[in-house]
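Notes follow the structure.
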Amino acid sequence: MAPTASSPAAAPEPPTVVDDAPPGVVHDRHRFASLGERFSTRLAGMPVPQAHWVAVSDDCAELLGWPADWWQRPEWRALDVLRGAAAWSGMPTLATVYSGHQFGVWAGQLGDGRALLLGDVQTPAGPMELQLKGAGRTPYSRMGDGRAVLRSTVREFLCSEAMAALGVPTTRALGMVGSPLPVRRETVETAAVVARVAPSFLRFGHFEHFAHTAADVEALRRLVDFTIEHHFPELAGAPVPAVALLEQVALRTAALVAHWQAVGFCHGVMNTDNLSILGLTIDYGPFGFLDAYDPGHICNHSDDRGRYAYGRQPNVAFWNLHALAQALLPLVGRTDEATEQLLEALEPYRSALPLALLQRMRAKVGLATEQEGDAALIEALLDRMAADRADFTITFRRLSQFSTAPGAANEAVRDLFIDREAFDAWAQRYAERLRAEGSDDAQRALRMNAANPKFVLRNHLAQNAIEAAQQGDFSEVRQLLKVLRHPFDEQPEHARYAGFPPEGSHLIEVSCSS
């Protein structure tokens, strides 16, 4: 009988210890493991059989300070490490516990149900954590099998690296392996494992767990102190550490969400256990990039009420920050004054987000100076795009070709709109605004093309790569990765990746199983 994700063949086996390891791998010490048993469970992974490489990220390897051939070095046995059958010496693999709100409802204890922290890597960019996703069942898997399927792993691998190339704060993907191990989702699929990299995988939910589920104030305090020591050292000595931490998390979250909105990225499942304490994009599941601009776009087919629609992401992030503030309340004191302190720490989000988003949108339309009517001008463009369902990425990219010369038709962008007269009226306002600041068309085009990607990971592109990979052909995954590494470059030889989505592509469904 072929092994399945729930069969005895998938049971844990002691990993082989590999003494030789890539540069910077920290032996016998893991920052998170130092917190103790209340915070995680130490266990081995459940190896996937007959593993094979699907793709690796040279950019992520460079971030770690690893050579490009790290995955081919026989002495490092990277394939065995990523499939869960081996471990670099002294790396204490563990799964962490957290809780959280899912779709606005308290879900109680959650945790790393299919992820394992391998350990720390000292890198030129500072300490990084290396994690396997899809490594098998853990004590926090609940009713799950602890596996990830090839379909969802291709999406996470590609989007992690695509977002990094766009400049969006994100967890990274070092490499992914596939396996013929059958895994049941809506249908029977095959397993895969992705190696993820981040300074930390701490989430809002880690703090919620010790505030609510475990109700352990000392553990919560220790987690806050740990987070400040390792990730916010500038806050050392703050009068009220929890309040200082919350304010910084609010600012980082504002910057992150502004960047999401500016590139048309929809996360799809912004539960509190899916938001990073460091302001990183984390947990690529039912994500999507906008095709036709629609503020109400819902990328997650599990989200039947549209809680996480594109236009609602800023408010949802603020809701989640309130949940984090509630979790930190035991450290400040359950008084009106303490509550006020935490609420004041959230206020920077309300001011920083619109400013950050306006700054990014000014860059997208090529405004080099700030004027009072800019927000209204940009909003008018977005309204026109929504009314005519103009493609988000293509519209902004073509806008770089806009000419301020009197009588210029600007067909390249004008042709994207159904109501041409309405666009012409907006274009007249835009041209006047550009002339008012003495904008040079050629120089502005260069700036705009550096702010507006030509290539994003649209659902149909990911789906094409997935379908080829499911047939054993990983060339499209690797080719797409190469294209997405340089999203702002013209890359005329790869123009097919920058075209309009094909008819019917809106029917591609991604859900929480993605």
Side-chain angles (χ1 to χ4, degrees), residues 3-19 21 25-49 51 77-100 108-121 128-149 153 156 171 174-177 179 181 183 191-198 200-203 205-206 209-210 213-214 216 219 222-223 226 273 282-283:
T4 68
S6 58
S7 74
E13 59 186 58
T16 301
V17 176
V18 181
D19 292 326
V25 169
V26 177
H27 301 284
D28 300 317
R29 183 172 60 84
H30 188 297
R31 290 172 299 168
F32 198 92
S34 70
L35 283 168
E37 296 180 356
R38 292 298 304 270
F39 297 84
S40 61
T41 299
R42 189 164 177 172
L43 75 164
M46 301 170 67
V48 294
R77 295 186 56 185
L79 181 62
D80 284 335
V81 171
L82 263 65
R83 78 179 186 91
W88 288 311
S89 177
M91 296 190 89
T93 56
L94 52 91
T96 72
V97 62
Y98 49 81
S99 296
Q109 180 175 304
L110 302 166
D112 291 329
R114 54 177 174 170
L116 285 179
L117 278 175
L118 296 189
D120 294 336
V121 180
M128 295 284 176
E129 292 180 344
L130 184 60
Q131 183 193 73
L132 298 184
K133 183 175 180 180
R137 192 177 289 118
T138 78
Y140 314 114
S141 298
R142 295 181 288 172
M143 299 299 292
D145 56 24
R147 294 300 184 192
V149 296
T153 308
E156 172 147 6
T171 56
L174 176 64
M176 64 171 292
V177 300
S179 164
L181 179 73
V183 178
V193 181
V194 61
R196 306 198 297 185
V197 172
S200 174
F201 289 92
L202 275 170
R203 307 138 186 276
H206 281 99
H209 178 77
F210 292 104
T213 305
D216 187 336
R222 188 173 180 188
L223 183 59
F226 171 88
D273 57 295
I282 193 171
D283 291 342

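Predicted, not measured: the structure shown is a model, and the values here were computed from it.
Taking the side chain to side chain contact (heavy atoms under 4.5 Å, CB included) definition, one finds that L35 meets it with F32, F39, R222, L223, F226, sequence neighbours left out. Partners of M128 by side chain to side chain contact (heavy atoms under 4.5 Å, CB included), not counting sequence neighbours, listed by chain and number: L63, L64, T123, A125, V197, P199. Taking V25 as the reference, A21, P22, H27, W66, W88, M91, V121 meet the side chain to side chain contact (heavy atoms under 4.5 Å, CB included) condition, with sequence neighbours excluded. Residues passing the ring pair (Phe, Tyr, Trp, His ring centres under 6.0 Å) test with Y98, sequence neighbours excluded: H206. Remark: A115 engages D112, Q131 in a side chain to side chain contact (heavy atoms under 4.5 Å, CB included) (not counting sequence neighbours).
Taking CG from L94 and NE2 from H30, the interatomic distance works out to 5.0 Å, rounded to the nearest 0.5 Å. One finds the CG atom of D120 at 4.5 Å from the CZ atom of R31 (value rounded to the nearest 0.5 Å). Atom CE in M176 sits 11.5 Å away from atom NZ in K133 (nearest 0.5 Å).
Between V18 and A86, the shortest heavy-atom distance links the atoms CG2-CB, 3.8 Å. Shown here for S141 and G146, the closest heavy-atom pair between the two residues is OG-CA, 4.3 Å. Of all heavy-atom pairs spanning A195 and L130, the tightest one is CB-CD1, 4.2 Å.
Side-chain atoms of R38 and V97, non-hydrogen and from C-beta on, never get closer than 4.5 Å to each other. Between D80 and T16 the shortest side-chain heavy-atom distance does not fall below 4.5 Å.
At least one donor-acceptor pair under 3.5 Å links the side chain of E129 to the backbone N or O of F201. Looking at T153, its side chain never comes within 3.5 Å of a backbone N or O of V193 through a donor-acceptor pair. For R114 (side chain) and G136 (main-chain N/O), no donor-acceptor pair under 3.5 Å exists by modelled atom type.
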Show every donor-acceptor pair shorter than 3.5 Å between a side-chain atom in residues 40-48 and any protein atom, with sequence neighbours excluded, or say none if there are none.
residue: T41; atom: OG1; partner: Y140; partner atom: OH; Å: 2.7

task = Before giving the answer on side-chain contact (heavy atoms from CB on, under 4.5 Å), spell out for R137 and D145 the whole-Å C-alpha distance, their side-chain angles and the decisive distance to 0.1 Å.
result = CA-CA 5 Å; R137 192 177 289 118; D145 56 24; 4.2 Å; yes
key: Derivation of the side-chain contact (heavy atoms from CB on, under 4.5 Å) call for L110 and H209   = CA-CA 9 Å; L110 302 166; H209 178 77; over 6 Å; no
